**Q** 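Below is a structure I'd like to ask you about.
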Amino acid sequence: MDEETYLGPDGAKDPFVHISRALRGLQDAVATAIAHARQRAVQGLVLFFIVTLLFLIAAFLYSSFYYSYMPLAAFNAPVHYYYRTDCESPSSFLCSYPVANISLMRNKKHVLTFGQAYEMSLQLEMPDSPTNQELGMFMIKTTCYSQAGRKVASSARSGMLRYRSDLLRYLGTLLFLPAFLTGVAEQKQALQVELFSDFTDDPYFPSMTAVIEILSSKVQIYSSQLVIHAHFTGVRYLLFNFPLLSTIVGVSTNFIFLSVVFVLCYVRLVLRVDWGPRQIASDGLLSDWDKNTENNQQEEGGDAAGAENLTSPSEASEVLLASSKEEVPPRRAHSQRDAKET
């Protein structure tokens, strides 16, 4: 009866125990799943941060390389002429040829890169006047000077307006008469004269200024501009003419290289993988094996020295006598036993 009353409550409690165990197991499973999800989220954030950082570093490296390796592709500078007018000649108003001095510096830096080929040209806007038409061909002389006044390069080129007959000029005037009257168009011609086709600056005497002189005192000019274009070849040609493809290839290459370096460092530090043999330090320090060998030799030498360095011969004899006295009583006891037996 007592056993039934004792087993009854246990039997009644068994379902609650199983339920509590199931709930506890479910709670543990949910907690484990949440912990795994949190760990995965943290790992994902860390991985995203590392990938973003590597990508930014790769983009920065490519941009630094691009702006340090690529020279200036084009350079434009206005040309302002000066001349003398204090002459008494009635045939010409100008007493000297128009001359212009153009600086080849921008923000205190050289415009031309050493070893790079450039094309220099002069753009002229000239009125389509009878004076310029009667002028015919005229010469343009260009000279580049260094900071010390050394002549680096010089050239002489000819220029001339395009020929237009009187009938064609009259028809053009009638056709564009409204534009001419309103000021939208002007009766002028744009002339471009190539000064240097393949100019390379001298690295020992870099060009600082360019002097342009028009060898005619009757020329009429609205405005003038010096234009410099770089002739790219090789890698610079690809970087300049295919910028998007070059950027993708450059940034991808840097990203792959940085990723490989990061993975190797991670394996080296976290997993503690030793990729190379153990090396002895160059400052004279011994390796672990040499240190252990030297310590053992020192210990053996110390024991031998302790055995040899006794205090004196008298102490050694006293030690021998003490040992002999300790061995005598057993011998005497043995002899007494033999006498009794006899």
Side-chain angles (χ1 to χ4, degrees), residues 66-84 94 96-128 132 135-163 186 188-243:
Y66 183 86
Y67 285 107
S68 62
Y69 181 72
M70 288 295 295
L72 191 64
F75 173 75
N76 300 330
V79 179
H80 304 285
Y81 298 97
Y82 60 91
Y83 44 84
R84 292 176 53 194
L94 305 181
S96 63
Y97 296 144
V99 180
N101 193 343
I102 303 98
S103 175
L104 299 179
M105 301 285 292
R106 176 179 290 181
N107 298 327
K108 298 181 179 181
K109 294 182 180 180
H110 291 280
V111 174
L112 306 179
T113 303
F114 305 139
Q116 176 63 44
Y118 292 93
E119 177 188 355
M120 290 188 184
S121 60
L122 182 65
Q123 292 182 355
L124 299 170
E125 288 187 358
M126 304 175 64
D128 195 5
N132 286 334
L135 179 63
M137 294 182 64
F138 57 91
M139 297 296 296
I140 300 175
K141 183 181 178 181
T142 307
T143 307
C144 297
Y145 294 94
S146 64
Q147 188 175 5
R150 180 188 179 93
K151 183 186 293 186
V152 178
S154 63
S155 68
R157 299 289 187 269
S158 62
M160 181 179 178
L161 290 180
R162 299 291 178 181
Y163 172 75
E186 295 180 355
K188 64 180 181 179
Q189 291 189 24
L191 180 64
Q192 183 168 355
V193 180
E194 185 183 75
L195 304 178
F196 292 96
S197 60
D198 192 6
F199 177 80
T200 303
D201 199 9
D202 190 354
Y204 299 101
F205 301 97
S207 300
M208 301 290 293
T209 58
V211 177
I212 299 176
E213 183 179 6
I214 299 179
L215 304 180
S216 176
S217 59
K218 297 181 180 180
V219 65
Q220 297 176 351
I221 300 173
Y222 278 148
S223 63
S224 180
Q225 190 173 16
L226 178 65
V227 180
I228 300 176
H229 290 285
H231 288 298
F232 294 127
T233 58
V235 178
R236 288 176 176 172
Y237 177 82
L238 296 176
L239 293 176
F240 181 75
N241 292 280
F242 304 97

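On a predicted model such as this, the values are computed, not experimentally measured, just so you know. Computed from heavy atoms alone, side chains included, the values below leave out hydrogens, waters and symmetry copies. Along the sequence shown, residues are numbered consecutively beginning with 1.
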**Q** Nearest 0.5 Å, what's the OG-CD1 distance between Ser121 and Ile228?
**A**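 The OG atom of Ser121 sits 8.5 Å away from the CD1 atom of Ile228.
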**Q** Let me confirm one number: the CG-CD1 distance from Leu215 to Ile140, rounded to the nearest 0.5 Å.
**A**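 Separation between the atoms: 8.5 Å.
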**Q** Step by step, work out the side chain to side chain contact (heavy atoms under 4.5 Å, CB included) result for Val99 and Tyr82.
**A** CA-CA 5 Å; Val99 180; Tyr82 60 91; 3.6 Å; yes
**Q** To the nearest 0.5 angstrom, please state how far the CG atom of Leu191 sits from the CD1 atom of Ile221.
**A**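 Separation between the atoms: 9.5 Å.
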**Q** Specify the closest pair of heavy atoms between His231 and Ser197, including all atoms of both residues, with the distance to one decimal.
**A**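 Minimum heavy-atom contact is NE2-O, 3.7 Å.
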**Q** Quick check for you: to the nearest 0.5 Å, what is the distance between Gln123 atom CD and Asn76 atom CG?
**A**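 Here the interatomic distance stands at 7.0 Å.
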**Q** For Asn107, check side-chain contact (heavy atoms from CB on, under 4.5 Å) against everything at least two apart and list the hits.
**A**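 Asn107 satisfies side-chain contact (heavy atoms from CB on, under 4.5 Å) with no residue once adjacent residues are dropped.
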**Q** Which pair of non-hydrogen atoms, one from Tyr97 and one from Ile214, has the smallest distance, and what is that distance?
**A**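 Nearest heavy atoms, Tyr97 then Ile214: CB-O, 3.2 Å.
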**Q** Please identify which of these residues, Met126, Arg162, Glu125, meets the side-chain contact (heavy atoms from CB on, under 4.5 Å) condition with Gln189.
**A**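 Going through Met126, Arg162, Glu125 one by one, the side-chain contact (heavy atoms from CB on, under 4.5 Å) with Gln189 is satisfied by Arg162 alone.
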**Q** What I'd like to find out is whether the side chain of Val219 reaches to under 4.5 Å of the side chain of Leu124, using heavy atoms alone.
**A**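 No. Closest side-chain heavy atoms not under 4.5 Å.
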**Q** Return the minimal non-hydrogen interatomic distance between Pro127 and Asn132, and the atom names on each side.
**A**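 Distance-wise, the nearest heavy atoms are O-ND2, 2.9 Å.
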**Q** Side chain of Tyr118, backbone of Thr113: donor and acceptor closer than 3.5 Å?
**A**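 Side chain of Tyr118 to backbone of Thr113: a pair is present.
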**Q** Counting only heavy atoms not in Tyr67, do more than 12 fall under 6.0 Å of its OH?
**A**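 It does not: Tyr67 OH has 12 such atoms or fewer within range.
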**Q** Using atom types as modelled, flag every donor-acceptor pair under 3.5 Å from a side chain in residues 151-158 to any protein atom, sequence neighbours excluded.
**A**
residue : atom : partner : partner atom : Å
Ser155  : OG   : Leu195  : O            : 3.0
Arg157  : NE   : Glu194  : O            : 3.3

**Q** Over all heavy atoms of both residues, which pair between Leu122 and Ser224 is shortest? Give the atoms and the distance, please.
**A**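 It is CD1-OG, 3.2 Å.
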**Q** Do the side chains of Phe232 and Met70 get nearer than 4.5 Å, heavy atoms only?
**A**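 Yes - at least one pair of side-chain heavy atoms lies under 4.5 Å apart.
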**Q** Please determine whether the number of non-hydrogen atoms from other residues, nucleotides or ligands lying under 6.0 Å from atom OH of Tyr237 exceeds 12.
**A**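 Counting neighbours around OH of Tyr237, 12 or fewer heavy atoms of other residues, nucleotides or ligands fall under 6.0 Å, so no.
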**Q** For residues Ser207 and Cys144, report the shortest heavy-atom separation together with the two atoms involved.
**A**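 The pair with the smallest heavy-atom distance is OG-CB, 3.8 Å.
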**Q** Please examine the side chains of Leu72 and Arg106, heavy atoms only from C-beta on, and report whether any two atoms are closer than 4.5 Å.
**A**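 Side chain of Arg106 against side chain of Leu72, heavy atoms only: contact under 4.5 Å found.
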**Q** Would you give the length of the straight line joining atom OG1 of Thr233 to atom CD of Gln116, rounded to the nearest 0.5 angstrom?
**A**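 Taking OG1 in Thr233 and CD in Gln116, the distance rounds to 6.5 Å.
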**Q** Nearest 0.5 Å please: distance from the CD1 atom of Ile102 over to the CZ atom of Phe75.
**A**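 Separation between the atoms: 9.0 Å.
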**Q** Write down the atom of Asp201, the atom of Phe114, and the distance for their closest heavy-atom approach.
**A**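 Between these two residues, the closest heavy atoms are OD2-CE2, 3.9 Å.
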**Q** If you draw a 6.0 Å radius around OH in Tyr66, do more than 12 non-hydrogen atoms from other residues or ligands fall strictly inside?
**A**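 Counting neighbours around OH of Tyr66, more than 12 heavy atoms of other residues, nucleotides or ligands fall under 6.0 Å, so yes.
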**Q** Would you mind reporting whether Met120 and Leu112 have side-chain heavy atoms less than 4.5 Å apart?
**A**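 They are in side-chain contact.
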**Q** State which residues pass side-chain contact (heavy atoms from CB on, under 4.5 Å) with His110; sequence neighbours excluded, sorted by chain then number.
**A**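 Once residues adjacent in sequence are excluded, the partners of His110 under the side-chain contact (heavy atoms from CB on, under 4.5 Å) criterion are Met105, Pro206, Met208.
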